[in-house]
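Please read the structure below before turning to the comments.
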Amino acid sequence: MNTNKLNLTLRIWRQKNSNTPGKFVDYKVSVSPDSSFLEMLDDLNNDLESKNQEPIAFESDCREGICGTCGLVIQGHPHGPIPRIATCQLHMRNFKDGETIYVEPFRAKAFPIIKDLIVDRSAFDKIQQAGGYISVNIGSVPDGNAIPIPKEVANEAMDAATCIGCGACVAACKNASAMLFVSAKVSQFALLPQGQPERYERVQKMVKVMDELGFGSCSNTYACEAECPKGISIKNIARMNRDYIVAKIAKEEVV
Amino acid sequence: MIKLDSKIPEGRIQDKWNIHKFNMKLVNPANKRKYEIIIVGSGLAGASAAASLGELGYNVKVITFHDSPRRAHSIAAQGGINAAKNYQNDGDSVYRLFYDTIKGGDFRAREANVYRLAEVSNNIIDQCVAQGVPFAREYGGLLDNRSFGGALVSRTFYAKGQTGQQLLLGAYSAMNRQISLGTVKLFTRREMLDVVLVDGVAKGVICRNLVTGEIEKYSAHAVILATGGYSNVFFLSTNAMNCNATAIWRAHKKGAAFANPCYTQIHPTCLPIHGEGQSKLTLMSESLRNDGRIWVSKIKGDMRDPNDIPEEERDYYLERKYPTYGNLSPRDISSRAAKEAVDDGRGAKGQEAVYLDFRDAINRLGENVIRERYGNLFEIYETITGENPYKTPMKIYPAPHYTMGGLWVDYNLMSTIPGLFVAGEANFSDHGANRLGASALMQGLADGYFVIPYTIGNYLAGDKPSYVKTDHEEFNKAAKEIEDMTNKLLSIKGKRTVDDIHKQLGRLMWNKVGMARNEQGLKEVINEIKELREEFWKNVNVVGDSNDVNQCLERAGRLADFLELGELMAIDALHRNESCGGHFREEYQTEEGEAKRDDENFAYVAAWEFKSVGEWELNKEPLVFENIQLATRSYK
């Protein structure tokens, strides 16, 4: 345990709602290096509340890096400067005494700001609703071991399925593209035998809705992969593009 | 007095569910679309129920306070899900899973429910595989298993250390399919604040829209609560920040009996507390106990670095006390043993912590094997603590994790309010006084995929509940009460913050209604909670407005409920003059310090009926064991 506290300036984005312009507001904090970034914000909010000021609205839930609720842009990076972690796993020992830290919401046309650091990511759900599933009814399925799946294939599908739906890929992309997010789900099912019957229909449906919701296109900067807290590979985007082209050339269906 | 009718079907334990399925009334497929069902909560139980009911053709409304249903806390379950497949040929069976669960629950669960759970466990695995859940596999392509506490067979299916995530995303995808087909409608960022009863029957819910602050009314033929557990009453727990008891507590105040509130599970393998600013406790999966060995120094006040403590000065206390189960002893027993070691002054470097050590497993299997099995958990540990667990033993300590208690339900999962069903952790039904690892995911999905879809049909076809529109006076009355409560909270303008009071409640609960309880402490804490509740209503400061995003107001409403629930937990713990599972009363222990049950006087479910704030009436549902003989639980 470390007892030397860090003195920091937090420059935090405050915005009442999507119709009101926002601005940065400075806060001075003193924090233990063992504290997490969000615990520091909890403390700051507790101070604000005790001074009868409105706390900073931000979202988080599991604080174990798996639910995908938290998502702040810290020092210009979605989920902060340390790679491969979500905001809730960022600890203050990674910062230096005296630093000024910029804290902003995820910024993308498809993610409108609700308040302060909270954005609306419901567009992600809409893409999943368009085709991110395998059409099997409850009860009418074969034994779990009826279809052997090679370990490597299962592992690769798992690596894609590990996406937490936080939206960091969109926030990192200069075009606010959702290709990494969408391709992760498309890949999970494209790799597994269970996903084959709807493989080409699925990719078309999901891409269509993604485009309609105002996400930009992919220009291969790989920023999404670099900022993804779960290390989702851009190989998934290549796989999705391949399936999409095959679907368009060979199997175009009305979707 | 409430009449508690468990509605356990006749017949041999093996036949009960089948007989019941045949006897239950069915809804004509063409009529299903005429029925509206509200599901509150979108975790494993809620999402799986929504998917199944949507498939059957009902009109389903799913309400969640999250921005997306995929955020529900089921997502954070790490280790796995049990099923009686016996794929490992190690002697597993439905009966053994049933037996282990009853014994693990220290003989305080209903046999018929638990048998049904074991029976449908195999269907769950099949269903999840078909949905594309990428479970871990062997080299031959078949499903892999591992072991969990309280079992001598390998029956736990897993997807890395992210099993809950993958199962939830499976249920979420099945629900998404129904959303696209129009049978399920999703309402996010809404918190349920009351259930609406007309002539004593559940007809809908009142919610606060968390973005606009608007109080909204929703009506239906039946309501399902799948809103999880209440460990956040302790402030620090492994639950997510937003987990709360409000939905079940408000239903309780409207007439749903609350069963066994004192049965709380303290999970043995969590990260220790780092300081006052701590917001929550992080769980390290129980699966680590497959290869990790738990120990403390034999010497009191030993401040040496763990790697400097020689083998002969280490006390592998679980292996010593429980040689058969060793490091895989059940959670309640392992947690208490850790507390004992710390209370004895032998905690890791004088802290409230014990060691979980992988040195021997790394020497035996190599670092690569350990990395493959637990790599992501080791990474989490290093990210949070800054220490490398491949080199230095992990430090762990028990933390509040799961609540076996919950709303009382009958065999059909219906509460004492007709038309109000309760699924998953929110009900009390399957785990008795202690839940075994990897059984929460199993229960959530069993309830949602395979139980409620049948039993709710029976209710709709049998009781033929009427549909009440939201302009009914009961809806208006309930909405008005919620608006009044909101205004009251905002008008107190006291001096203490919501979190400040919540932390104080958490400390009271942890010290006196935590891992060990005694009569004196419980009597004290009941008064202390009452006083704190008064303090809250006089002196809390809820800032902001009601017609806007207001997280302070959200937390305040949840805390108001925890301040009532905490008292009931203490009352229940005080009345239960025995030790069983997660409920350990210091006065009732064997000479060796093990839990001492009193089957003659306490083999019942305590279902508390709300009278007024701070006043409850006890109703008892006797537990009859026809198949498994009541016996002292031994893991030695």
Side-chain angles (χ1 to χ4, degrees), chain A residues 1 32 34-35 38-39 42-43 46 49-50 52-55 57 59-69 85 89 91 93 114-115 118 120-122 124-125 128-130 132-139 141-145 148-151 154 157-158 161-162 165 188-189 192 194-195, chain B residues 51-52 55 66-68 70-71 73 75-76 85 87 123 125-127 129-132 134-143 159-160 162 165-166 169 173-174 176-177 179-180 188 211 240-242 274-275 277-280 282 380 383-384 386 449 453 497 499-500 541 543-544 549 551-552:
Chain A
M1 233 175 272
S32 151
D34 286 325
S35 164
L38 296 183
E39 282 167 350
D42 290 338
D43 259 3
N46 201 50
E49 284 175 31
S50 60
N52 222 8
Q53 294 173 27
E54 246 194 277
E59 288 190 290
S60 77
D61 203 32
C62 75
R63 300 218 174 172
E64 295 180 13
I66 194 77
C67 74
T69 309
I85 56 170
Q89 296 168 291
H91 280 69
R93 66 178 77 91
I114 293 177
K115 184 174 184 176
I118 301 178
D120 178 359
R121 288 167 291 187
S122 56
F124 267 15
D125 284 329
Q128 295 295 338
Q129 288 156 15
Y133 46 78
I134 290 171
S135 299
V136 288
N137 279 355
I138 316 302
V141 299
D143 184 86
N145 260 347
I149 300 173
K151 192 177 169 73
M158 178 65 208
T162 205
Q188 178 195 345
F189 292 150
L192 294 171
Q194 302 95 305
Chain B
S52 325
E55 279 171 21
H66 292 285
D67 69 318
S68 162
R70 65 183 292 159
R71 313 281 186 223
H73 195 50
I75 200 113
K85 285 282 193 186
Y87 282 159
N123 303 80
I125 300 305
D126 300 340
Q127 193 64 43
V129 169
Q131 287 167 348
F135 282 120
R137 297 202 171 244
E138 314 251 19
Y139 282 101
L142 301 183
L143 292 159
K160 280 196 177 167
Q162 297 156 237
Q165 180 200 27
Q166 293 310 313
L169 293 180
S173 74
N176 279 338
R177 176 170 161 243
I179 293 173
S180 76
T188 58
V211 178
M241 301 302 288
N242 294 300
H274 70 66
Q278 183 120 7
S279 62
K280 72 155 279 173
T282 300
I380 294 174
T383 304
I384 294 175
Y449 282 140
T497 62
D499 279 7
D500 180 31
N541 186 20
V543 297
V549 174
Q551 294 173 315
C552 188

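Below, read A as the first sequence line, B as the second, and so on, with proteins coming before strands; counting in each chain starts at 1.
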Looking at [options], which one has more heavy-atom pairs under 4.5 Å with chain B than the rest?
| options | value |
| --- | --- |
| Ser122(A), Pro150(A), Ala154(A), Gly195(A) | Ala154(A) |
| Asp43(A), Ile138(A), Ile85(A), Val141(A) | Ile138(A) |
| Gly65(A), Pro142(A), Pro55(A) | Pro142(A) |
| Asp120(A), Leu38(A), Asn46(A) | Asn46(A) |
| Glu64(A), Gln188(A), Glu39(A), Gln53(A) | Glu39(A) |
| Ser135(A), Gly139(A), Ser50(A), Ala130(A) | Ser135(A) |

Is it the side chain or the backbone of [X] that comes within 4.5 Å of chain A heavy atoms, both, or neither?
| X | answer |
| --- | --- |
| Val211(B) | side chain |
| Gln166(B) | side chain |
| Gln131(B) | both |
| Gln278(B) | both |

Taking the side chain from [X] and the backbone from [Y], do they hold a donor-acceptor pair closer than 3.5 Å?
| X | Y | answer |
| --- | --- | --- |
| Arg63(A) | Thr282(B) | no |
| Gln129(A) | Ser180(B) | no |
| Asn242(B) | Ser60(A) | yes |
| Asn541(B) | Glu49(A) | yes |
| Gln194(A) | Val129(B) | yes |
| Gln165(B) | Thr162(A) | yes |

- Heavy-atom distances under 4.5 Å only: say whether Leu192(A) touches chain B with side chain, backbone, both or neither.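 Leu192(A) touches chain B through side-chain heavy atoms alone.
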
- At a heavy-atom separation under 4.5 Å, does Asp42(A) approach chain B through its side chain, its backbone, both, or neither?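 Contact with chain B: side chain only.
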
Minimum heavy-atom separation for [X] and [Y], please, with both atom names.
| X | Y | answer |
| --- | --- | --- |
| Ala76(B) | Ile66(A) | CA-CG2, 3.6 Å |
| Met158(A) | Ala159(B) | SD-CB, 3.9 Å |
| Glu138(B) | Lys151(A) | O-CB, 3.8 Å |
| Ile134(A) | Arg177(B) | O-CD, 4.3 Å |
| Ser35(A) | His274(B) | CA-CE1, 4.0 Å |
| His66(B) | Asp61(A) | CE1-OD2, 2.9 Å |

- Ile384(B) vs Gln89(A) side-chain heavy atoms within contact, under 4.5 Å: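 Counting from C-beta outward, Ile384(B) and Gln89(A) never come under 4.5 Å.
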
- Message: So, taking the atom named CZ in Arg71(B) and the one named SG in Cys62(A), what distance separates them when rounded to the nearest 0.5 Å?
- Response: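 With rounding to 0.5 Å, CZ (Arg71(B)) is 10.0 Å from SG (Cys62(A)).
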
- side chain to side chain contact (heavy atoms under 4.5 Å, CB included) partners of Asn145(A), counting only residues at least two apart: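 Checked Asn145(A) against side chain to side chain contact (heavy atoms under 4.5 Å, CB included); matches are Asp143(A), Tyr87(B), Arg137(B), Leu142(B), Leu143(B).
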
